2 protein chains.
Amino acid sequence: MKFSISEENYIKSIYHLQVLHQRVNTMMLAEMVKTKAASVTEMLKKLHKKKLIDYEPYKSFILTDTGNKIALNIIRKHRLWEFFLVNKLGFNWDQVHDIAEELEHINSSELISRLDEYLQFPSFDPHGDPIPNSKGKITDLKRSNLIDIPLKKTVVVSQIKDQSITMLDLLKHFKIGIGTKIKVNKRFEFDGSVEIKIDQMPNAVLSNQVAKNIYCVI
Amino acid sequence: MKFSISEENYIKSIYHLQVLHQRVNTMMLAEMVKTKAASVTEMLKKLHKKKLIDYEPYKSFILTDTGNKIALNIIRKHRLWEFFLVNKLGFNWDQVHDIAEELEHINSSELISRLDEYLQFPSFDPHGDPIPNSKGKITDLKRSNLIDIPLKKTVVVSQIKDQSITMLDLLKHFKIGIGTKIKVNKRFEFDGSVEIKIDQMPNAVLSNQVAKNIYCVI
DNA sequence: AATTATTTTTAGGTTTGCCTAACTTTATTT
DNA sequence: AAATAAAGTTAGGCAAACCTAAAAATAATT
């Protein structure tokens, strides 16, 4: 089944709202899709008829399993494109949302599976949000860089942002790679550097510049 | 100024028709955008009001300079995306048109200039059609097929006219694709075949039928 | 030149998704 | 519990882009 861009945006928005607040209402949705409540009601009736939401007038609505699957697919596309824009085209992570908002509606599963492969099946988008796989399954782990990670918590490196040779050299020296377990002991306000501990290694201090490029699964 | 997907498709189609037949009429355009003549007339009035075409009812229509520029920008996007799909995602050139047809309407000049750079500013798309630059200029390099090319001159393949699967197969065997450097050593009068040389390949002979379908930038 | 055929436009209708205004239902106060 | 406020729905309209059928203009034939 194919859906209009509008329908897709409503489905996606309902999904996001359900994650944040489990009860979703018409006004919240109206605000999210930047329209008026009356338009939302109209769309709810349509989505209900297409069996994408369960809906009782004046009561509430919730995505059906089908609706959920469709939402996850749109989100998958959005996040893969964001990953592409940042890691291939060199955008900053705060510049890509609007563009991905358009790209997510491109309709070709072949395109998406190839893109996924081209990007080497990333698990997280540039904001650290998980990318659903082709079956709609999400790794339910959050991700952030060493600057934002809670202290004294052991985390696993999942991505290095800056992949320059100099950066790789530095990482080699500290024995840091994808999968490495790291604990941040202390953060120094003065220069934003962090002291880390890796198993069987002495404590080490990474500059802010380095730390912010190392992303970990929490 | 921003245009709807429909408007963009009309503009692009008028451009293509103008290249093929300099006189364009309503019915041709209707067929090209897969709609009916009445709808075309409606759109012509709208495009005229927006000064994208010169239009006199019952007479004719033609793109204005502005219209032309917009058309070239859409075509630029289409061809860059096609190049991306083939050269980065590994699609075959005969699979990418429909996807590029959607991607060409994504609205971000920043995206396109970065994509262009990422692809290293290609001059031709996978079908050998020239990609307009950001100012709408098309490389008007001299191109001709292997029959008409000067002997002993290294040229670069830029377009394959016949894109049948059988032709594709043959080209694969000889390792010929867009961008391949070729030198024609000799032409045989008898059957019009040509002997070519490609770097790191033994000499090869192509039939006249094949040679005349391979276009190169001189 | 008159008739016929074709092309183009106009007129009137449909669908999608938006809007405002009015009305219902549900929630919150008093 | 009644009154008021807020949220949700319905009704009636609008714009974009499509459609069919009929009318007008142009082109082709006799």
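Chain identifiers are assigned alphabetically (A, B, ...) following the order of the sequence lines, protein sequences preceding nucleic acid strands; residue numbering begins at 1 within each chain. Treat the numbers as computed from the prediction; the structure is a model and nothing was measured. Only this structure's heavy atoms are used, side chains among them; waters, hydrogens and symmetry mates stay out.
- Residues meeting the side chain to side chain contact (heavy atoms under 4.5 Å, CB included) test with A/Pro132, sequence neighbours left out: A/Leu72, A/Ile75, A/Arg76, A/Ile138.
- Atom NZ of B/Lys69 sits in a sparse spot, with 12 or fewer heavy atoms from other residues, nucleotides or ligands closer than 6.0 Å.
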A/Tyr10 and A/Phe61: CA distance, side-chain angles, deciding distance, ring pair (Phe, Tyr, Trp, His ring centres under 6.0 Å) verdict: CA-CA 12 Å; A/Tyr10 275 94; A/Phe61 52 89; 9.8 Å; no
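- Taking atom CZ on B/Phe61 and atom P on C/dT8, their separation rounds to 8 Å, with Å as the unit.
- Atom pair A/Glu56:CD and C/dT25:P shows a separation of 14 Å (rounding to whole Å applied).
- Following rounding to the nearest Å, A/Met43 (CE) and D/dT10 (C1') show an atom-to-atom distance of 17 Å.
- Within residues 29-41 of chain B, the residues that have a heavy atom under 4.0 Å from DNA chain C are, in order of number, B/Ala37, B/Ala38, B/Thr41.
- A cation-pi arrangement is present between A/Lys88 and A/Tyr118 under the rule of less than 6.0 angstrom and at most 45 degrees off the ring axis.
- In this entry the distance linking CG of A/Leu44 with P of C/dT16 reads 16 Å, nearest Å.
- Spacing between atom CE of A/Met28 and atom C1' of D/dG8 amounts to 14 Å, rounded to whole angstrom units.
- Of the candidate nucleotides C/dG12, C/dT7, D/dG8, C/dG12 has the atom nearest to the side chain of B/Glu42.
- Around atom CG of B/Asp191, more than 12 heavy atoms belonging to other residues, nucleotides or ligands sit under 6.0 Å away.
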Chi angles and distances behind the side-chain hydrogen bond (donor to acceptor under 3.5 Å, both in side chains) call for B/His105, B/Asn9: CA-CA 9 Å; B/His105 301 294; B/Asn9 280 334; 3.0 Å; yes
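- Contacts of A/Val86 classified as side chain to side chain contact (heavy atoms under 4.5 Å, CB included), with partners at least two apart in sequence or in another chain: A/Trp93, A/Val96, A/Pro126, A/Lys161.
- Using cut-offs of 30° and 60° for the angle between ring planes, the B/Tyr55 and B/His48 rings count as perpendicular.
- Near DNA chain C, defined here as any heavy-atom distance below 4.0 Å, the residues from residues 1-18 of chain A are A/Ser4, A/Ser6, A/Tyr10, listed numerically.
- Counting to the nearest Å, the C1' atom of D/dA27 and the OH atom of B/Tyr58 are 14 Å from each other.
- The side chain to side chain donor-acceptor pair (under 3.5 Å) contacts involving residues 17-38 of chain A comprise A/Thr35-A/Ser39, where partners must be two or more places apart or lie in separate chains.
- One atom, CE of A/Met27, and another, P of D/dT9, lie 12 Å apart when rounded to the nearest Å.
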From CA spacing to verdict: side-chain contact (heavy atoms from CB on, under 4.5 Å), B/Phe174, B/Leu170: CA-CA 7 Å; B/Phe174 288 105; B/Leu170 187 150; 3.7 Å; yes
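- The number of heavy atoms from other shown groups lying within 6.0 Å of CD (B/Gln209) does not exceed 12.
- Applying a 4.0 Å cut-off to non-hydrogen atoms, none of the residues of residues 48-55 of chain B approaches DNA chain D.
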